[in-house]
Amino acid sequence: MAYSDKVVDHFDNPRNMGSLDKNSTEVGTGIVGAPECGDVMKLQIQVEDDRIVDAKFKTFGCGSAIASSSLATEWVKGMTLDEAHNIKNTDIVQELALPPVKIHCSVLAEEAIKAAIEDYQAKKAE
Amino acid sequence: MSDSATPRVFYFDNYASTRTDPRVVEAMLPYFTEAYGNSNSRSHSYGWKAEEGIDQAREQVAALIGSKPAELIFTSGGTESCNLAVFGVARMYAEKGKHIVTSAVEHRAVMDPIRQLEREGWDVTYLPVDTTGLIDLAELEAAIREDTTLVSIIFGNNEIGTQQDSKAIGAICKDKGVVFHLDACTGLDTEAINVDEHGVDLLSLSGHKIYGPKGIGALYVRRRRPRVRLQPMMLGGGQERGMRHGTLNVPGIVGLGKAAALCLEERDADRARILGLRNRMEAAFMELEEVYVNGHPTQRLPGALNVSFNYVEGESLMMGMPNVAVSSGSACTSATLEPSHVMRALGVSEDLVHTSIRFSLGRFTTDEEVDTATEQCLASAQKLRDMSPLWEMFKEGIDLSAIEWKHD
């Protein structure tokens, strides 16, 4: 199975790879997936006035999983929390031309965004 | 196929298929364009020439495994040989009994026919393996019953390279009077197997795993003490002593014969060289922390290196070295992305299963290829560990097994 050029590009040049300070109240962290399933995504957002000003990811998974999370960080940067919450996995599938067996990677990326937003909001609620 | 702008891809997938040795191709060519007769045609020289090629090949293959030429049945490959062995014996001796003993780490060419027989009413004992992939000989002995008609065990595992103690297995089967099928599709390129010394009654072999062409294989069927009989799977022109009907694949068989002859000549030298290269690669990988070799540490085919880079997913590891052709160590059929039954049988933890890749070295693997592939693999692993949240957690001292992972 050959990867799409966009997947290869994200894999070779991952955007926003790294970590933010998970203890900061301005940072929301979402970790989804499981090692025994072969995919774990960590997606972090830094929020100022309801807007995502920075995002980072680290992913254990196949090239498509890495590309999905890399793309997700690229997209959410600059978005409001509501806008980021509305990102659908199908948008990621389309952008990266993921084959059917790799759709779960895009689902995971969508879940990671939502989990990071939830984590941020939970911190704020405290 | 390739152009000068595309960098050469180094081939490390010899247990999937080998390059056909150019000397084999050369031996085959006349049988396409000159001696193209049907080896069953007795009325003209085209048929005689073809038959001569078959006879010579039969002798060459027999010499490789120490059998009589007449004990060999040519087939379309390893899968057909294994199918014919399993179905052929089970159905021929169904009145004597309907019990089969096999292992949990067989190739699907053996496993799936046995499962089919199970659906048809046969009783099957699947012997478990230890963490290195070996069956327990005492368990094998205890599993054989009055109604057991077949023991089918793999010689060298294609995924992890573990070599069963086939001589001891053969001795147990002989002692119990049970037919023993050895699936020797993987490993015959470097390992000496003699059907008498190994106590083998049936042996499957494949052309394209020993630098021969694809689409050709053979099944050794013992003729004396005991005389093993098989129910054929296909019916037709009566070829191959009635056990495998159909016009013989003359060029393929000639190629298999030549490949067998080359293996006999070069096997020991190949083995020493391949083992040296494999060990060099393995040693370089082991310098990294959290790297595990799957399979047996020593009782392992020389070309096999199935290795887990913990916290790095196997498919991405391969993607990070696009100029190296390897197999995912975990997926038995890469299309399904399901962890293989072999890795499961070893008891490799589910998370480690996803981190393995398989290098398999062969006759044409060079020093330069090994060094380049090793370097690229280490670089890919390093890059992906920097990207891995699991590696980060491991480095922070977090116990990953204590985490409750969110998944569907």
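Chain identifiers are assigned alphabetically (A, B, ...) following the order of the sequence lines, protein sequences preceding nucleic acid strands; residue numbering begins at 1 within each chain.
Salt bridge absent: A/Lys114 and A/Glu118 never bring a charged side-chain N and a carboxylate O closer than 4.0 Å. Between B/Glu369 and B/Arg8 there is a salt bridge, since at least one side-chain N of the basic residue sits less than 4.0 Å from a carboxylate O of the acidic one. With respect to B/Arg358 and B/Asp13, a salt bridge is recorded, a charged nitrogen being found less than 4.0 Å from a carboxylate O.
Contacts between residues 8-21 of chain A and chain B, defined by a heavy-atom separation under 4.5 Å, are made by A/Val8, A/Phe11, A/Asp12, A/Pro14, A/Met17, A/Ser19. Among the residues in residues 388-395 of chain B, those with a non-hydrogen atom closer than 4.5 angstrom to a non-hydrogen atom of chain A are B/Ser388, B/Pro389, B/Leu390, B/Glu392, B/Met393.
Taking the six-membered ring where tryptophan is involved, the planes of B/Phe359 and B/Phe285 are tilted, since the angle between them lies from 30° to 60°.
Cation-pi contact between B/Arg19 and B/Phe364: present, with separation from the ring centre below 6.0 Å and deviation from the ring axis of at most 45°.
A/Met79 places a side-chain heavy atom less than 4.5 Å from the side chain of A/Ile87. Side-chain contact between A/Thr73 and A/Lys77 is absent, with no heavy-atom pair separated by less than 4.5 Å. For the pair B/Thr355 and B/Tyr311, the minimum side-chain heavy-atom distance is 4.5 Å or more.
Proximity to chain B (any heavy atom under 4.5 Å) is shown, for A/Lys56, by neither the backbone nor the side chain.
Counting non-hydrogen atoms of neighbouring residues, nucleotides and ligands closer than 6.0 angstrom, the CD atom of B/Gln116 exceeds 12 such neighbours. Environment of CD in A/Gln94: sparse, with no more than 12 heavy atoms of neighbouring residues, nucleotides or ligands closer than 6.0 Å.
With respect to chain A, the highest number of heavy-atom pairs below 4.5 Å among B/Leu384, B/Asp386, B/Leu400 belongs to B/Asp386.
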